[in-house]
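Only one structure is covered here, and it is reproduced in the block below.
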Amino acid sequence: MKITYYGHSCFGIALESGKHLLFDPFISGNELAKEVQLDTIPADYILPSHAHADHIGDLIPIAKRTNATVIAIWEIYSWALAQGIQNAHPMNIGGSWQFDFGKVKMVEAVHSSSFPDGSYGGNPAGFVIEADKKRFYYAGDTALHFNMQLLSGRYLDFAFLPIGSNFTMDVEDAIQASNMINCNKIIGMHYDTFGFIKIDHQAAQEAFSAAGKEL
Ligand code: NI
Ligand code: MN
């Protein structure tokens, strides 16, 4: 698999099957992603973690252009259908589903979730994905919480964790999270985009190294 970072919490993953996963599309509203060509981002499946604008900002135009299937909690699924999206798959926390590219389990996140108009976005979520003989965790926006420990026996190859603080975990919490999920290879997200979440990259990487982990 090949992972592409589009800024903030948005990642594209190209799988060996040729399928493309896209997490939390937020490009046009992100000053740091202004060189990303929104119209060229491939997607067969779009997985939004929750309904905040910095996670679904570009979901509808990308879904319409690519005809990708939106995999989301019930409330975001319903919203996507109401926006004219044809392909969507509803899930909820704790559920799993086998797709043609692999398996998705929706897991808990501790955060809030509302659409840009203020309406209820359902519970915020994370995902555990199995594809290309790997298993990884995409945490979404979340606080450090004890239920992450439920993933400790899942043999995660790597994990996407927020590290920007203020709205989510900070670096220190993310290190504790990586202990709880028993995974030492972490891809940081949700940092630098706005003033509230600017971090010192070198200090973050040194803190992970000191804990015997890779950021
Ligand atoms: Ni959020
Ligand atoms: Mn966010």
Side-chain angles (χ1 to χ4, degrees), residues 3-13 21-34 36 38 41 43 45-63 70-80 83 90-93 104 106-129 136-145 147-148 159-178 181 186-201 204 215:
I3 302 173
T4 302
Y5 187 40
Y6 295 117
H8 199 51
S9 294
C10 182
F11 292 87
I13 301 186
L21 311 183
L22 182 65
F23 293 87
D24 285 6
F26 171 67
I27 292 102
S28 59
N30 181 1
E31 180 65 17
L32 299 183
K34 62 177 186 289
V36 176
L38 187 61
I41 294 175
Y45 294 90
I46 304 176
L47 299 95
S49 63
H50 63 297
H52 286 156
D54 58 319
H55 299 264
I56 60 157
D58 294 307
L59 187 149
I60 299 298
I62 294 174
V70 177
I71 302 172
I73 202 155
W74 181 266
E75 289 78 5
I76 298 178
Y77 158 84
S78 304
W79 166 84
Q83 303 282 316
M91 294 188 74
N92 214 318
I93 309 291
V104 176
M106 182 171 273
V107 297
E108 208 176 353
V110 173
H111 192 65
S112 62
S113 182
S114 52
F115 288 100
D117 69 0
S119 61
Y120 176 57
N123 282 310
F127 300 100
V128 176
I129 311 283
F136 65 89
Y137 171 43
Y138 179 92
D141 281 8
T142 185
L144 178 65
H145 64 83
N147 286 350
M148 286 180 182
F160 297 90
L161 299 178
I163 55 172
S165 196
N166 193 68
F167 298 116
T168 67
M169 291 192 284
D170 60 10
V171 168
E172 192 182 0
D173 285 350
I175 290 169
Q176 197 174 341
S178 79
I181 64 175
I186 304 300
I187 298 174
M189 60 182 184
H190 214 271
Y191 63 91
D192 282 2
T193 321
F194 329 109
F196 294 126
I197 60 173
K198 289 211 193 309
I199 65 162
D200 180 333
H201 296 194
L215 179 66

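Note that ligands are numbered from 1 as they come in the structure, with each ligand's atoms numbered from 1 the same way.
Nearest heavy-atom pair across H55 and D24 is ND1-OD2, 2.6 Å. Residues D192 and I199 share a closest heavy-atom pair of OD1-N, 3.0 Å. For the pair A125 and M106, the tightest heavy-atom approach, listed with the atom from each and the gap, is CB-CG, 3.7 Å.
Each protein N/O/S atom under 2.8 Å from the Ni ion (ligand 1) was counted, for a total of 4.
If you look at D54 and ask which of its N, O or S atoms sits nearest the Mn ion (ligand 2), the answer is OD2. Sorting the N, O or S atoms of D141 by how far they are from the Mn ion (ligand 2) puts OD2 first.
For F167 and H111, the ring centers sit 6.0 Å or farther from each other.
When distances to the Mn ion (ligand 2) are checked against a cut-off of 2.8 Å, H55 contributes an N, O or S atom below that limit. Residue contact annotation: H111 places no N/O/S atom under 2.8 Å from the Mn ion (ligand 2).
Considering only heavy atoms from C-beta on, M148 comes within 4.5 Å of T142 through its side chain. The side-chain heavy atoms of H190 and H8, taken from C-beta on, include a pair separated by under 4.5 Å.
A tilted orientation is assigned to the rings of Y138 and F160, their planes being inclined by 30° to 60°.
The number of heavy atoms from other shown groups lying within 6.0 Å of CD (Q83) is above 12.
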